[in-house]
Amino acid sequence: QQKLIGVNSTTESHFGSSVAVYGDYLVVGEIDIMSNGRAYVYFRVGEIWTLQQMLEDPIGEQFDLYGYSVAIDQDTIVIGSPNSLPSMGGFGFVFVYIRNGIVWDFQQKLNASDGGLYERSVSIHFNTIAVGAPRVLFNQGKAYVFFRNSGIWSEEANISASDSTPNDSFGHSIDVYNDVSVSYTH
């Protein structure tokens with residue numbers, strides 16, 4: 001057993017606001033309401049988790065909630081930032097990182113074709129990313145699906161519930177496996 005703490009944690013940060021595990025890798029999101037959020041990547045050797053890298057928002061604007069959601073599969077990490085660019089109204093983005101040896105490199109910023117990616121949840125499996133965006137369409141919500149082809153991610157679908165009404169929050173939580181995506185409405 002081991003207690004992990006954020007390197008830059010403050011009294012205003014929420015280390016562990018999201019977590020994801022894949023094999024010997026652990027990704028921990030830390031939103032910080034007074035500054036930029038971050039995500040920590042830990043690697044396990046035996047029984048010991050060691051910080052491998054701290055990932056910070058490439059846009060880097062205060063109150064962005066970077067790290068609100070995280071996911072990992074194989075050599076790809078996905079980090080949600082539901083309030084990116086708060087000075088411009090708070091567009092949500094998803095940031096994708098790929099592992100190159102022991103370094104996680106920023107690969108791509110994802111946003112929705114309809115501008116609605118105020119995400120709350122992210123999931124990845126192989127070359128598919130699913131993003132739940134419950135705040136779009138007067139909180140009716142949507143799910144967005146992105147596919148990777150030749151190293152480039154592109155939006156392949158955005159899905160709404162056919163019977164949705166305001167405040168359904170479709171996309172509140174989401175998961176993807178192979179070609180099946182599941183979204184939750186509360």
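The first residue of the sequence shown is numbered 1, and numbering continues consecutively from there. Because the structure is predicted, anything quoted here is derived from the model rather than measured.
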(request) Please round to the nearest 0.5 Å and tell me the distance separating atom NE2 of H125 and atom CG of D73. (result) 5.5 Å
(message) For Q52, give me all partners under side-chain hydrogen bond (donor to acceptor under 3.5 Å, both in side chains), at least two apart in sequence or on another chain.
(response) W104
(request) Supply the atom-to-atom distance E156 CD to N149 CG, rounded to the nearest 0.5 angstrom. (result) 8.5 Å
(message) Counting only heavy atoms from other residues, nucleotides and ligands, does the tally under 6.0 Å from CD of Q2 exceed 12?
(response) yes
(request) Can you label the angle between the F106 ring and the Y97 ring as parallel, tilted or perpendicular, going by 30° and 60°? (result) perpendicular
(message) Just to verify, what does T76 make a side-chain hydrogen bond (donor to acceptor under 3.5 Å, both in side chains) with, not counting sequence neighbours?
(response) R148
(message) Give me the atom names and distance for the closest heavy-atom approach of W153 to N127.
(response) CZ3-O, 3.4 Å
(request) Would you confirm whether S154, through its side chain, and F146, through its main-chain N or O, come within 3.5 Å as a donor-acceptor pair? (result) no
(message) If I take atom OH from residue Y68 and atom OG from residue S81, how far apart are they, to the nearest 0.5 angstrom?
(response) 11.5 Å
(request) Rounded to the nearest 0.5 Å, what's the gap from CD1 on I72 to OG on S123? Could you check? (result) 12.5 Å
(message) Taking L55 as the starting point, is it possible to reach F43 by hopping between hydrophobic residues whose side chains are less than 4.5 Å apart?
(response) yes
(request) Please answer whether the main-chain N or O of G6 pairs with a side-chain N or O of E30 as donor and acceptor at a distance below 3.5 Å. (result) no
(message) Tell me whether F95 shares a hydrophobic cluster with Y22, the cluster being built from Ile, Leu, Val, Met, Phe, Trp, Tyr side chains joined at under 4.5 Å.
(response) yes
(message) If the test is side chain to side chain contact (heavy atoms under 4.5 Å, CB included), which one of V122, I124, L110, I77 qualifies with V96?
(response) L110
(request) Tell me who clusters with F15, hydrophobic residues only, linked when side chains sit under 4.5 Å apart either directly or through other members. (result) L4, V7, V19, V21, L26, V28, Y40, Y42, W49, L51, M54
(request) With the side chain counted from C-beta on, respond yes when I174 and Y144 share a heavy-atom pair under 4.5 Å apart, and no when they do not. (result) no
(request) Answer whether the closest heavy-atom distance between the side chains of V94 and I79 falls below 4.5 Å. (result) no
(request) List the atom of D114, the atom of K142, and the distance in Å for their closest heavy-atom pair. (result) OD2-NZ, 2.6 Å
(request) Measure from the side-chain N and O atoms of Q107 to the backbone N and O of G151, and report whether any donor-acceptor pair falls under 3.5 Å. (result) yes
(request) Look up atom OH in Y66 and atom CZ in F93, then write down how far apart they are to the nearest 0.5 Å. (result) 13.0 Å
(request) Using distance alone, with no hydrogens and no angle criterion, decide if Y25 and D75 have a side-chain donor and acceptor under 3.5 Å apart. (result) no
(message) Do V145 and E155 make a side-chain contact, defined as non-hydrogen atoms from C-beta onward lying under 4.5 Å apart?
(response) no
(message) What I want to find out is whether R99 reaches D105 closely enough, with some N-O distance under 4.0 Å, to be called a salt bridge.
(response) no
(message) Using 0.5 Å steps for rounding, measure from the CG atom of D32 to the OG atom of S17.
(response) 10.0 Å
